[in-house]
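For the numbers below, each heavy atom of this structure counts, side chains included, while hydrogens, waters and symmetry mates do not.
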Number of protein chains: 2
Amino acid sequence: MRQEEEIREADGLVEPGARATIDDVARIANVSTATVSRTLARPELVSEETRRRVMEVVESTGYRPNALARALRTRAAQAVIVLVPDFGNPFYTEIVRGMERRASASDYAVLMGNTESDPERERSYMRLLLDRRADGLLLLSGRLPEGCPADGPARPPIVFVSEDLPGCEVPLVRIDNPAAAEMAVRYLIDLGHRRIGHVAGPPGRILSPERHAGYRQALEAVQIPYDPALVVAADFTFKGGRAAARRLLDLPEPPTALFCANDESAMGALRAARDKGLRVPEDLSVIGFDDIQLAEISDPPLTTVRQPRAEMGAKAMDVLIRTIEGEALSGLDIVMPVELVVRGSTSSWRPR
Amino acid sequence: MRQEEEIREADGLVEPGARATIDDVARIANVSTATVSRTLARPELVSEETRRRVMEVVESTGYRPNALARALRTRAAQAVIVLVPDFGNPFYTEIVRGMERRASASDYAVLMGNTESDPERERSYMRLLLDRRADGLLLLSGRLPEGCPADGPARPPIVFVSEDLPGCEVPLVRIDNPAAAEMAVRYLIDLGHRRIGHVAGPPGRILSPERHAGYRQALEAVQIPYDPALVVAADFTFKGGRAAARRLLDLPEPPTALFCANDESAMGALRAARDKGLRVPEDLSVIGFDDIQLAEISDPPLTTVRQPRAEMGAKAMDVLIRTIEGEALSGLDIVMPVELVVRGSTSSWRPR
DNA sequence: TTGTATGCGTTATCAT
DNA sequence: ATGATAACGCATACAA
């Protein structure tokens, strides 16, 4: 304390190195702290003259309000937490980019948490929320962290992205997975394919049955009988996709086209084809889902379903911020449009 | 205010939904707030009996200290900022993982900022620091954000990782790039290669000349004359690597092996080889740098120099936290060991 | 339009 | 060993 006294104030200025507080500014500008606060937060309440004088001092002292003190007072941290299950996964990075964009537009800080689906880590990020260091939560994992009040007034502002938790009134930004999958498979059908395999997602993820449903829907729409042998579950990884595709290609009557539940497993399928000496797309068509960066540089480049990831992220952040700021958006369900991106991994097939 | 009064306290308990404060705990446990605070921070100063009683109430109320208030008082946010130039880049994710591990061990929150090398975004993260919402800065970009005091007492705790800013007394955690590059190239030489090309990094990054120096060093050690025509600068991307490698392979007397400044450009080189109908490693050996995940699943899998990324991240976080907590580690320069990972993209060559 | 005074939830200082 | 009490830096209700 004593030290502070010494540092401050030779003749009305603040010693460099010491941080100016609102009191410093007030004193130097010869107004009350209330006026300084008002000048910054609601300039219209302050006279032209005073405002000028205060702003001048703010400039010269380099004064920046202490966000902690402000948050304590206003009970708003101006920060949100984004919980990503695996941020090494390129699927998420683009979403987060969109989120950051929207957040910074409203001056919210983004605290990104990489949980690796580890309950312990989820809990540790939840703490930030309970600590009041963040105002809301963006969840990309389709599940609530342990220790998070699921409903009732104690539930903090939350928005789900891409995957949701069924039976939970949390706003959700997503795509229509069945419809998107159906579109992809129909494209293969339109190319002439009749025997179409599906490298599915892991059973634990809600996305898997949804995309599988779209696959099945597309077949049924054109009277192609559904053959369970043509569906092999993988786990959204390269390795899993490779193994699953291998099983499909080893079938006595192998598929001529593969619909993969995501791009990464589609990469695996591409490799499986090469392993077997099959050419893509001449001998086998492959279609993915997501349109991650890798899809463009793979060999051949991957035909896939593009999710508007950045827009989804921005939209989700928008909903979250509005929720934090008081709007009641509980049941919101926002469905974003997808797009089929045709590249080199698919080609037409003459039915035999 | 009035509302709060109503919510609290029927017969000594806190209404669910309302958050317990230290006052609630104190009142219910029949002690002062000071005692509650002590019980939590320095239990040894409190009598057995009191401690038990307080802890009981803490449990039953679910009391958690408000981190903001604490930070305001103690002037320590228990949070650090990690600035990543591009978190879509797999090179960084593993480093950040290591950082998170070390941070959570000391109960620090990690605020990850994705700057995309945009000064505006850098500035916005710097604000968090000046706002007192974070205690220190971890920089992976080899440059200070604009508006960051580079030296003097006003400089916040900072640690550089992987790349540093020459002429700056900031602690640094890194590898020995020239030595690592030399090791890689020597490996190629030992395999019998004599004509070795270098897909270099962009001139703007300090890593580029360092790895180039190692390349040159290895050649000179065995009297292979340095040929500038065998060095083409790329930009650490797939596309750049592909173009650079193409130029090298189009040379009248093309190299039999390529040392690429990072894995991503090595992937591009692999593709360039395939574009030309060259087999790897039979016709061309390729070696990368970093050992990102992709290196393992590429076709063929990539021989590369592994950086201990997670360890580097953890170490850097360790240094940062210790700096924050008062140790004077200014000039520190920590060099981590690398390792050559031999996979399928390299093979021996009979000199002609 | 401006100032005074109080409180946000802690921790630290000083008594007791 | 414990309790009063004063900051921490800001925002706001209320008074002027």
Ionic contact status for [Y] with [X], cut-off 4.0 Å:
{"X": "A/Glu325", "Y": "A/Arg322", "value": "no"}
{"X": "B/Arg174", "Y": "B/Asp164", "value": "no"}
{"X": "A/Asp318", "Y": "A/Arg101", "value": "no"}
{"X": "B/Arg52", "Y": "B/Glu56", "value": "yes"}
{"X": "A/Glu49", "Y": "A/Arg53", "value": "yes"}
{"X": "A/Asp23", "Y": "A/Arg27", "value": "no"}
{"X": "B/Arg143", "Y": "B/Glu122", "value": "yes"}

Once you round it to whole Å, what is the distance between [atom2] of [N] and [atom1] of [X]?
{"X": "B/Asn30", "N": "D/dG3", "atom1": "CG", "atom2": "C1'", "answer": "12 Å"}
{"X": "A/Glu49", "N": "C/dT2", "atom1": "CD", "atom2": "P", "answer": "9 Å"}
{"X": "A/Asp24", "N": "D/dG9", "atom1": "CG", "atom2": "P", "answer": "9 Å"}
{"X": "B/Glu48", "N": "D/dT2", "atom1": "CD", "atom2": "P", "answer": "11 Å"}
{"X": "A/Asp23", "N": "C/dT4", "atom1": "CG", "atom2": "P", "answer": "12 Å"}
{"X": "A/Ile22", "N": "D/dA11", "atom1": "CD1", "atom2": "P", "answer": "6 Å"}
{"X": "B/Leu68", "N": "C/dT10", "atom1": "CG", "atom2": "P", "answer": "10 Å"}
{"X": "B/Arg27", "N": "D/dT2", "atom1": "CZ", "atom2": "P", "answer": "19 Å"}

Would you indicate which nucleotide in [options] comes nearest to any side-chain atom of [X]?
{"X": "B/Val46", "options": "C/dT10, D/dT2, C/dC8", "value": "D/dT2"}
{"X": "B/Asn66", "options": "D/dG9, C/dG9, C/dT2", "value": "C/dG9"}
{"X": "B/Thr50", "options": "D/dG3, C/dG9, D/dA1", "value": "D/dA1"}

Legend entry - Touch class at under 4.0 angstrom, heavy-atom based, for A/Val36 against every strand present: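 Nothing: the residue A/Val36, judged by heavy atoms under 4.0 Å, touches no strand.
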
Inset, instruction - Name the nucleic acid region contacted by B/Arg64, choosing base, sugar-phosphate or nothing; use a 4.0 angstrom heavy-atom cut-off, strictly under. - result: sugar-phosphate

Please write out the pairs of protein N or O atoms and N or O atoms of nucleotides 12-16 of chain C separated by less than 3.5 Å, giving the distance to one decimal.
from	atom 1	to	atom 2	distance (Å)
C/dA12	O4'	B/Arg73	NH2	3.2

Inset, instruction - Could you tell me which non-hydrogen atom of A/Leu139 sits nearest to which non-hydrogen atom of A/Pro145, and how far apart they are? - result: CD2-CD, 4.0 Å

Inset, instruction - Taking all heavy atoms of A/Val173 and all of A/Ala316, pick out the closest pair and write down the distance. - result: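 Heavy atoms only, the tightest pair is CG2-CA, 3.7 Å.
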
Legend entry - Difference in axis direction between the ends of the helix from C/dT1-D/dA16 to C/dT16-D/dA1, five pairs, 10°: 40°

Less than 4.0 angstrom between a side-chain N/O of [X] and OP1 or OP2 of [N], yes or no?
{"X": "B/Arg70", "N": "C/dT11", "result": "yes"}
{"X": "A/Thr35", "N": "C/dG3", "result": "yes"}
{"X": "A/Ser32", "N": "C/dG3", "result": "yes"}
{"X": "A/Arg75", "N": "D/dA11", "result": "no"}

Legend entry - Contact nearer the 5' end of DNA chain D, comparing B/Ala69 with B/Glu44: B/Glu44

N/O donor-acceptor pairs under 3.5 Å from side chains in residues 62-71 of chain B, not counting sequence neighbours:
from	atom 1	to	atom 2	distance (Å)
B/Arg64	NH2	A/Asp131	OD1	3.2
B/Asn66	OD1	B/Leu68	N	2.7
B/Asn66	OD1	B/Ala69	N	3.1

